[in-house]
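Heads up: the structure comes next, in structure tokens.
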Amino acid sequence: MKRKLSNQFLRNFLVIFLLTILATALAFVLLSFASGLISGSLAKNQYPASAIIKKDYRQIDASAIVQSGGGVQVVDKEYRVVYSSGLDTIGKDRLTAEEFTTFLTESKSKPYHYDILYQPEGEFWLIVTFPTSIRLNFSLVYNKEAAAGDFMRAGWVITFVVLSYILLLGLFAFIYSRVTAASITVPLKKLCYGTKLLREGDYSARVDLRLRNEFAELQNTFNEMAARIEQEITLRKKSEEDRRRLILDISHDLKNPMASIQGYTELLMRKKGMTEPEGEEYLKVILNNSKRANRLLTELFELSQIDSPEFSLKLIKTDICEYIRQICGELVPQLEREGFRYEFDIMEESVFTLLDTNRFSRIIQNLANNVMQYNPQGTLVAVSLTVQNNQVVIDFSDDGIGIPAHLAVNIFNPFVRVDDSRNSKTGGSGLGLSIAKKIAEAHGGDLTLHPNENKGSTFRITIPVI
Ligand code: ADP
């Protein structure tokens, strides 16, 4: 691709190169044509020395020349300037023969036009001078009477100069075409390389062109695209990992109760001469394990329901203070029965929020069950409700065993438990807090865990005020 593009550039520049040579030749033709056109109107051509010369130089009328910005001098045979009017480039009254010869020979290279005529009868030179406006001293002169050797030498030199000029022009065209092509092919190459890396799965690939032109825009778009792909791939990997972990955790957590149910049922069927209390003991184990499996499946179903796109809440404008007071009231008999202390601090005013009361009660119920399940009797349960920055803040605290700080975020992930032994006696499914957090989020709020200064834990539910 690079080669094709640079060749295209070379072809374009070769066309430019040929056009330049053509334009140069045309410029010379035009110059000589234009010079011929205007020569008649130039002052130097209007007043030649031959037009004013007289036998007696005293009769020469130089007024028109002087008026046109020129000058007239007469030099006699003794090289004395015997007459001078207007522009004088000789600058002396008398010249030596050598000075006059120098003046004559150098007159062509001076920025003046000299028309010099000798009057044999009056024995004087008439010099008409005009300042030259612009003059290009270039002319190709050909004389066939010149010596053949001279002609060859001069011809070679001219051919060499012309060829060098064309070669130089060609070389410049070639170098410039490569340089210009490189300004396109180099960034293109870098972008192609970046794209190739992306295609091969290196999503950290970025392009740095150090340019400010349209390529920089392309580079930014490429980098943004790569960053987005990288982000999405990371998210996908994470969600795949989460899914894999979830399936592993589910199968792991279901395996024990199911194996136990199967084992004890087989025992009941096969064991001969079993006593009644023994049979009842086995049935109790089967019942407990099926309850555990059932709870796990129910909670899993609830979690996947909340996660599904069809999930929606039945939101009703509710006075949350009144509602929380009512829920806390319902908790009291259970707390007292289990031997837990309690403390409620709910604002007196009415604060309205949009609530799906059935779902929302699940959060409080789960938090209360956890306190009772994981903490010793006598633990204090404190519920407070305040409004901060247009948010209702419900703090659900206990002064129990607490949750390690390093689990503050992860505890809301499915199947995460402080005691991860998956012992049926100590733990539940590890799904309760995940479900509670998702319900809070679906209400536009959140459920977070905050470390308690003394001991225990504080779960904070936030929900926007309407
Ligand atoms: P589970 O069904 O196991 O109760 P949760 O998601 O509700 O699942 O709780 C996750 C874990 O967090 C529990 O297994 C428990 O170890 C811990 N936990 C939750 N609440 C408390 C609490 N108030 N005090 C101590 N530990 C708690």
Side-chain angles (χ1 to χ4, degrees), residues 242 245-246 248-257 288-307 324 327-328 331-332 334-335 337-344 359-384 394-442 445-461:
D242 286 352
R245 229 190 94 92
L246 198 69
L248 201 78
D249 286 337
I250 295 167
S251 42
H252 188 278
D253 277 27
L254 271 179
K255 208 175 100 213
N256 285 347
N288 280 342
N289 277 298
S290 43
K291 269 186 186 167
R292 186 166 154 72
N294 190 36
R295 185 183 156 200
L296 179 69
L297 288 173
T298 311
E299 288 189 343
L300 259 179
F301 179 67
E302 201 179 349
L303 189 71
S304 55
Q305 243 188 344
I306 300 172
D307 268 339
I324 294 292
I327 290 199
C328 287
L331 279 178
V332 169
Q334 199 185 353
L335 289 168
R337 201 171 47 242
E338 302 283 336
F340 285 83
R341 293 179 296 131
Y342 51 87
E343 214 174 79
F344 304 132
R359 299 274 185 192
F360 202 82
S361 68
R362 179 83 168 79
I363 306 177
I364 307 288
Q365 193 59 56
N366 182 266
L367 295 177
N369 284 348
N370 280 350
V371 177
M372 289 184 276
Q373 192 173 352
Y374 301 109
N375 295 286
Q377 285 189 334
T379 300
L380 175 73
V381 177
V383 181
S384 74
I394 304 162
D395 279 342
F396 197 103
S397 324
D398 66 65
D399 62 354
I401 59 167
I403 294 173
H406 71 272
L407 283 175
V409 175
N410 281 345
I411 199 77
F412 295 100
N413 289 340
F415 295 104
V416 175
R417 288 169 280 210
V418 175
D419 171 15
D420 207 22
S421 60
R422 288 186 162 81
N423 182 327
S424 59
K425 276 180 209 149
T426 53
S429 62
L431 293 171
L433 286 177
S434 320
I435 295 170
K437 188 173 175 85
K438 282 186 195 291
I439 294 174
E441 284 171 349
D446 205 355
L447 171 64
T448 46
L449 174 62
H450 296 262
N452 258 11
E453 272 172 25
N454 302 320
K455 56 181 200 152
S457 39
T458 297
F459 286 93
R460 174 167 289 182
I461 309 162

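As the structure lists them, so they are numbered: ligands from 1, and atoms in each ligand from 1.
Contact atoms of ligand 1 toward Ile411: 11 (C), 12 (O) (distance under 4.0 Å to a heavy atom of the residue). Those atoms of ligand 1 with a heavy atom of Val416 less than 4.0 angstrom away are 10 (C), 11 (C). Ligand-side atoms of ligand 1 in range of Arg295: 2 (O), range being under 4.0 angstrom from any heavy atom. Listed by number with element, the atoms of ligand 1 under 4.0 Å from a non-hydrogen atom of Val418 are 16 (O), 17 (C). Taking every heavy atom of Asn366 and a limit of under 4.0 angstrom, the matching atoms of ligand 1 come to 7 (O). Of all the atoms in ligand 1, the ones that sit under 4.0 Å from a non-hydrogen atom of Gly432 are 5 (P), 6 (O), 7 (O), 8 (O).
When only interatomic distances are considered, the shortest N/O to N/O separation between Ile401 and ligand 1 does not fall below 3.5 Å. At under 3.5 Å, not a single nitrogen or oxygen of Arg417, backbone or side chain, sits near a nitrogen or oxygen of ligand 1. In terms of polar-atom proximity, defined here as any N/O pair under 3.5 Å, Gln373 makes no such contact with ligand 1. Taking only nitrogen or oxygen atoms, main chain and side chain alike, Asp398 reaches within less than 3.5 Å of ligand 1.
Under a 4.0 Å N-O distance rule, the pair Lys438/Glu302 does not qualify as a salt bridge. A salt bridge links Asp253 with Arg417: the distance from a Lys NZ or Arg NE/NH1/NH2 to an Asp or Glu carboxylate oxygen falls below 4.0 Å.
Across the listed options Asn370, Val381, Ile403, Thr379, Ile403 owns the non-hydrogen atom lying nearest to atom 27 (C) of ligand 1.
A donor-acceptor distance shorter than 3.5 angstrom exists from the side chain of Asn375 to the backbone of Val371, with no hydrogens or angles considered. Side chain of Glu343 to backbone of Val383: no donor-acceptor contact under 3.5 angstrom is found.
We find the OG1-CE distance between Thr379 and Met372 to be 11.0 Å, quoted to the nearest 0.5 Å. If you take NZ on Lys437 and CD1 on Ile461, they are separated by 11.5 Å, rounding to the nearest 0.5 Å. Note that CG of Leu331 is 10.5 Å distant from OH of Tyr342, once rounded to the nearest 0.5 Å.
The shortest separation from a heavy atom of Gly400 to ligand 1 is not under 4.0 Å, leaving the residue out of contact. Proximity of Ile435 to ligand 1 is not established, as no heavy-atom distance is less than 4.0 Å.
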Please set out all donor-acceptor pairs under 3.5 angstrom arising from side-chain atoms of residues 394-407, sequence neighbours excluded.
unit_1: Asp395; atom_1: OD1; unit_2: Arg460; atom_2: NE; d: 2.7
unit_1: Asp395; atom_1: OD2; unit_2: Arg460; atom_2: NH2; d: 2.9
unit_1: Ser397; atom_1: OG; unit_2: Thr458; atom_2: OG1; d: 3.2
unit_1: Asp398; atom_1: OD1; unit_2: Gly400; atom_2: N; d: 2.8
unit_1: Asp398; atom_1: OD1; unit_2: Ser457; atom_2: N; d: 3.4
unit_1: Asp398; atom_1: OD2; unit_2: Ser457; atom_2: OG; d: 3.3
unit_1: Asp399; atom_1: OD1; unit_2: Leu380; atom_2: N; d: 2.7
unit_1: Asp399; atom_1: OD2; unit_2: Arg341; atom_2: NH2; d: 3.3

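At least one side-chain heavy atom of Leu254 sits less than 4.5 Å from a side-chain heavy atom of Leu297.
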